[in-house]
Amino acid sequence: MPPESAPDWLAGGWPHIWLPYTQMQTAAPPLPVTGAKGSKIKLADGRELIDGIASWWSMCHGYQHPHIVGAIREQAARLSHVMLGGLAHEQAFTLARRLSALAPEGLTRVFFSDSGSVAVEVALKMALQYWRNQGDHRRTKFIGFERGYHGDTLGAMSVSARSPFTAAFDAASLRNYSLPIPSDEYGFAEFAETIGAIHTQVAGLIMEPLVQCAGGFAMHSADIVSEIRRVCRDYGILFIADEVATGFGRTGSMFACNEAAVTPDILCLGKALTGGHLPLAATLATDAVFDAFGGDTISKAFMHGPTFMGNPLACAAANASLDLFAREPRLAQVEAIEAALFTGLSPLTRHARVREVRIKGAIGAVDLDYTPEEFARARAALIAEGVWLRPLGKALYLMPPLTITPEELQHLLTAMHKVLTQ
Ligand SMILES: *Cc1c(COP(=O)(O)O)cnc(C)c1O
């Protein structure tokens, strides 16, 4: 039951709402939010929390950014929605042009959808039909990596690692290959050998370049990404980069693929695409992928089309977000965040309960050997310190808005220290 002080709408909706990843029988009602600005979330009781995870990593310019809110408002006054089947509008076409100019070179085509999971579904369907259109009916499987996470829909779960996210649905999973990311223990020779043995059945390989986020923030080098990309090219496997989390500066370059100097065959974007202000995702493809869909009949055309594809409000928000990336020093801000994370989080490795600290760009993960109860206590203690964090698996992590001020970031780090050493 919500506390007496909760707003009426919370108490009224509580018996009806069904929340994400939540055991509704034992869950406490969530904190009611009445507004947000910059890096701060405002609660109904007047408290403010600094958001250390940018609303699931999407809010890259901070909440209620006036340039984005203004663009949405202006677009809403003119055209809030129109179908993209047979009709065109400026925001989607402009965004397609801008995204292909910004993305790793060669990704010339942009297919819009509404969520990261669907952007991944679209990528998988593109890869399957790419081979079929060329008369290859054997390449029907995918390679994903251990600890990978690509979304919650069935296809996306099928290429993700088995985890608590997928456990209830594994029986319905498409049969795919799950490999470790190459490392000192599992070298490239062995990786290439595995690929060599299965490649004739493989349509594509999907990976989160540099940082596997929701699977627990495992990190690997840019060299590993470029080497995996090379093996894919050698064996004719489509290389699909899922940058739903890493895209838009999060790892220190505009896209993680940039740091590895690779162009994927297919690129998935979401989360921070609209600066977190509205749902939108995109799947980008090269000319070589796109050209396989050409022909005289509909049978080779790509058969996918979400109802709200290329929604004008969402595309206006994304165009405004790209304006901000062009005119404000986001990548320099990421560099400063990374330096502060190194200074602030590295000393935690001395703490007995801390297993490991990993940092890349504006991502800092601290693995703890906590029980779920201890994580829940830490979360409550952080809220008391004015901080919003949500542990993921064994990690307490920071992925703040890229615009977070040095003082706010210091507040997050100090609160983490305090709570972990209590
Ligand atoms: C969050 C995420 C997704 C899924 O995006 P949704 O918008 O939640 O459907 C897919 N891939 C990666 C890498 C993600 O982090």
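For ligands, and for the atoms within them, numbers begin at 1 and follow the listed sequence. Sequential numbering from 1 along the given sequence is applied to the chain's residues.
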Q) Does Lys271 approach ligand 1 within less than 4.0 angstrom via side chain, backbone, both or neither, non-hydrogen atoms only? A) side chain
Q | Subset of ligand 1 atoms that lie under 4.0 Å from at least one heavy atom of His150 | A | 10 (C), 11 (N)
Q. How about Phe165 and Tyr21: are their ring centres within less than 6.0 Å of each other?
A. yes
Q. Closest non-hydrogen protein atom to atom 7 (O) of ligand 1, residue and atom name please, with distance?
A. Gly116 N, 2.8 Å
Q.
Has Thr274 got a side-chain atom pairing as donor or acceptor with Leu278's backbone, closer than 3.5 angstrom?
A. yes
Q. Can you list the ligand 1 atoms lying under 4.0 Å from a non-hydrogen atom of Ala245?
A. 15 (O)
Q: Examine the proximity of ligand 1 to Trp57 and report which part, side chain or backbone, both or neither, has a heavy atom under 4.0 Å away.
A: side chain
Q) Going by an N to O cut-off under 4.0 Å, is there a salt bridge joining Lys394 and Asp367? A) no
Q. Taking non-hydrogen atoms only, is Glu208 closer than 4.0 angstrom to ligand 1 via side chain, backbone, both or neither?
A. side chain
Q) Which residue owns the protein heavy atom closest to atom 12 (C) of ligand 1, what's the atom, and how far is it? A) Asp242 OD2, 3.4 Å
Q. Judged by modelled atom types alone, do Glu243 and Thr246 share a side-chain donor-acceptor pair under 3.5 Å?
A. yes
Q.
Could you check whether Arg358 makes a cation-pi contact with Phe217, meaning its NZ or CZ is under 6.0 Å from the centre of the six-membered ring and within 45° of the ring axis?
A. no
(Q) My understanding is that we take every heavy atom of each candidate and find the minimum distance to atom 4 (C) of ligand 1. Doing that for Ser58, Gly270, Ser115, Ser117, which one comes out nearest? (A) Ser117
Q: Examine the side chains of Gln129 and Arg132 and answer whether a donor and an acceptor come within less than 3.5 Å of each other.
A: no
